[in-house]
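In what follows, a structure is listed as structure tokens, so that the remarks can point back to it.
Starting from 1, each residue takes its place in the sequence as its number.
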Amino acid sequence: MAGHSKWANIKRQKARVDAVKGKTFTQLSRAIIVAARNGVPDPAGNFQLRTAIEKAKAAGIPNENIERAIAKGAGTYEDSANLEEIRYEGYGPGGVAILIEALTDNRNRTAADLRAAFSKSGGNLGETGCVSWMFERKGVALVSGEVDEDELLEASLEGGAQSYEISEDERGRSADVITEIGNLEALTQTLKEKSFVVDEVELRWIPSNTIEITDPEQARSLLKLIDALESLDDVQNATANFEMSDRLMAMNFARSTQGAGSKERASSEWSF
């Protein structure tokens with residue numbers, strides 16, 4: 001929808017704000033741990049791990065930290081904490097559904113921290129399953145540069161993608177190409193062979209429906225809640241099912257970066 005940003009675009013804008021604020025390396029390191037635990041601890045044979053390592057290196061995490069995270073995931077690092085993957089679910093202001101992925105060595109502490117964050121922003125932490133039915137896990141390849149839609153359509157079909165979304169902002173045109181998780185590596189390879197620049201690949205929870213936020217105060221509360229959740233070291237990722245106008249989003253991010261607002265964004269999408 002032109003003039004509106006879905007969660008993926010909101011998330012991308014937030015990532016820029018987080019970079020300005022100086023995010024810690026904890027979440028990126030823990031993403032490596034999770035990837036190493038879920039597959040072989042060798043990036044050559046573990047696409048998820050390889051992707052996590054690339055993100056960590058791009059953020060400037062030292063190689064020794066990366067190697068230590070891999071060892072923790074593989075269970076070969078001494079004094080390694082017993083980390084547990086847990087998914088939490090809740091509602092934000094206006095009934096917005098929020099899905100949270102956490103990696104923790106103390107689930108009581110994590111639940112208490114999440115509950116406090118929700119309460120302060122007018123939301124509430126719910127029971128398992130209360131919102132997850134509204135989301136579906138997918139693989140996403142993020143493409144940047146000169147994106148020709150006809151060429152992207154052809155490459156996406158050949159790579160087995162299910163849909164794509166094209167967006168435009170102050171950095172130019174980009175696209176999110178969406179597929180089943182098991183097909184993400186093959187899709188990424190196809191896009192690269194077709195000369196597309198794949199900046200990043202990720203696993204993403206995609207909402208089946210969205211809530212449009214139009215009230216500035218509610219938008220402020222929601223973004224404040226997401227910030228509070230993502231600032232917790234145990235939280236790996238938070239996903240919500242709201243969208244808002246580019247103008248309203250820019251107002252909030254301009255406030256977050258003390259004047260560094262974002263320009264209008266237009267987007268189009270296509271499903272196979």
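Contact check for Leu153 versus Tyr164: side-chain heavy atoms found under the 4.5 Å cut-off. Taking the side chain as every heavy atom from C-beta outward, Asn38 and Glu85 approach each other to under 4.5 Å. Considering only heavy atoms from C-beta on, Phe118 comes within 4.5 Å of Leu229 through its side chain. Two residues are said to be in side-chain contact when any heavy atoms from C-beta on lie closer than 4.5 Å; Arg204 and Asp176 meet this criterion. Residues Leu223 and Met244 are in side-chain contact: their nearest non-hydrogen atoms beyond the backbone lie under 4.5 Å apart. Put simply, the side chain of Ser174 does not reach to within 4.5 Å of the side chain of Leu142, judged on heavy atoms. Considering only heavy atoms from C-beta on, Leu248 comes within 4.5 Å of Pro216 through its side chain. The shortest side-chain heavy-atom distance between Leu99 and Val131 falls under the 4.5 Å cut-off.
Scanning both residues, Ile61 and Ser29, for their nearest heavy atoms gives CD1-OG, 4.0 Å.
Within the structure, side chain to side chain donor-acceptor pair (under 3.5 Å) contacts touching residues 52-65 (residues at least two apart or in different chains) are Lys55-Glu200. Listed by first and then second residue, the salt bridge (charged side-chain N to carboxylate O under 4.0 Å, His left out) pairs involving residues 182-198 are Arg50-Glu185, Glu158-Lys194 (not counting sequence neighbours). Judged as a side chain to side chain donor-acceptor pair (under 3.5 Å), the pairs with a partner in residues 111-136 (not counting sequence neighbours) are, in order, Glu89-Ser132, Glu136-Lys138.
Considering only residues two or more places apart in sequence or on other chains, Thr110 meets the side-chain hydrogen bond (donor to acceptor under 3.5 Å, both in side chains) condition with Thr104, Asp234. A search for side chain to side chain contact (heavy atoms under 4.5 Å, CB included) contacts involving Glu84 returns Ile86, Arg107, not counting sequence neighbours. Listed by chain and residue number, Phe47, Thr51, Ala141, Leu184, Thr188, Val198 satisfy the side chain to side chain contact (heavy atoms under 4.5 Å, CB included) test with Val201 (two or more places apart in sequence, or in another chain). Residues that satisfy the side chain to side chain contact (heavy atoms under 4.5 Å, CB included) test with Ala58, not counting sequence neighbours, are absent from this structure. Applying the side-chain hydrogen bond (donor to acceptor under 3.5 Å, both in side chains) test to Asn183 and every residue at least two apart in sequence or in another chain returns Thr179. In this structure, the side chain to side chain contact (heavy atoms under 4.5 Å, CB included) partners of Asn241, at least two apart in sequence or on a different chain, are Val96, Ala97, Met134, Phe135, Pro207, Asn209, Ile211.
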Evaluate side chain to side chain contact (heavy atoms under 4.5 Å, CB included) for Val177 paired with Val140, printing each intermediate quantity in order. CA-CA 6 Å; Val177 187; Val140 182; over 6 Å; no

Are Arg87 and Trp205 close enough, and set up right, to give a side chain to side chain contact (heavy atoms under 4.5 Å, CB included), and what steps lead you there? CA-CA 12 Å; Arg87 191 174 68 207; Trp205 288 101; 3.3 Å; yes

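Tracing side-chain contacts under 4.5 Å through hydrophobic residues (I, L, V, M, F, W, Y), one never reaches Val34 starting from Val40; they form parts of separate clusters. There is no path of hydrophobic side-chain contacts, each under 4.5 Å, that joins Val197 to Ile178.
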